[in-house]
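Just so you know, these numbers use all the heavy atoms, side chains as well, and skip hydrogens, waters and symmetry mates.
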Amino acid sequence: MSLWKKAIVGAVGYLVLLLVLFVFVNGFPLHRREFDRAYIAFLDNPNPHTESLLHAQSRKTMMIQLEDAAAAALVIWITGFSAYRITSRIRKKDGAHRQTGTPITSK
């Protein structure tokens with residue numbers, strides 16, 4: 001496989017991993033006071049101003065979750081790629097020392 005194809009496959013793999021982490025890993029531990037304040041303000045007085053504040057805080061929370069998912073995807077991708085390279089090199093070394101099954105005969 002050429003270098004460009006490997007780069008494209010690697011990038012697509014990273015993007016798929018990022019999407020899976022962002023969609024399926026819940027950002028439950030993420031709890032921000034600013035979001036809580038905006039939410040309470042909206043519940044106490046639902047008007048366009050408090051709604052826009054709540055929406056802005058919701059976007060900030062979503063961006064933080066996306067950044068966390070991107071960092072986790074990068075770590076998992078690098079770990080997986082490194083493990084793949086290490087195992088492929090070990091297999092190549094074992095294959096070079098293994099006999100092929102055909103005996104060498106001299107004339």
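For Asn47, the side chain to side chain donor-acceptor pair (under 3.5 Å) partners are Thr50, not counting sequence neighbours. Under the side-chain contact (heavy atoms from CB on, under 4.5 Å) criterion, Lys6 pairs with Met1, not counting sequence neighbours. The ring pair (Phe, Tyr, Trp, His ring centres under 6.0 Å) check on Tyr39 picks up nothing, with sequence neighbours excluded. Applying the side-chain contact (heavy atoms from CB on, under 4.5 Å) test to Ser88 and every residue at least two apart in sequence or in another chain returns nothing.
At a threshold of 4.5 Å between side-chain heavy atoms, the hydrophobic network of Ile, Leu, Val, Met, Phe, Trp and Tyr places Val25 and Leu17 in one connected group. Cluster annotation: Val23 and Val20 are assigned to the same hydrophobic cluster (Ile/Leu/Val/Met/Phe/Trp/Tyr, side-chain heavy-atom contacts under 4.5 Å, transitive). In this structure, Leu43 is a member of the same hydrophobic cluster as Phe35, with clusters built from ILVMFWY side-chain heavy atoms closer than 4.5 Å. Cluster annotation: Leu18 is not connected to Val12 through the hydrophobic network of ILVMFWY side chains, with a link wherever side-chain heavy atoms come within less than 4.5 Å. The hydrophobic clustering, which links ILVMFWY residues whose side-chain heavy atoms are closer than 4.5 Å, places Leu19 and Phe24 together.
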Could you give the side-chain donor-acceptor pairs of residues 67-86 under 3.5 Å, partners two or more places apart or in another chain?
| unit_1 | atom_1 | unit_2 | atom_2 | d |
| --- | --- | --- | --- | --- |
| Trp77 | NE1 | Gly10 | O | 3.3 |
| Thr79 | OG1 | Val75 | O | 2.8 |
| Ser82 | OG | Ile78 | O | 2.8 |

Under 3.5 Å, which donor-acceptor pairs do the side chains of residues 51-58 form with other protein atoms, sequence neighbours left out?
| unit_1 | atom_1 | unit_2 | atom_2 | d |
| --- | --- | --- | --- | --- |
| Ser52 | OG | Pro48 | O | 3.4 |
| Ser52 | OG | His49 | O | 2.7 |
| Gln57 | OE1 | Arg32 | NH1 | 3.3 |
| Gln57 | OE1 | Arg32 | NH2 | 2.9 |

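To the nearest 0.5 Å, atoms CZ (Arg89) and OG1 (Thr87) are separated by 11.0 Å.
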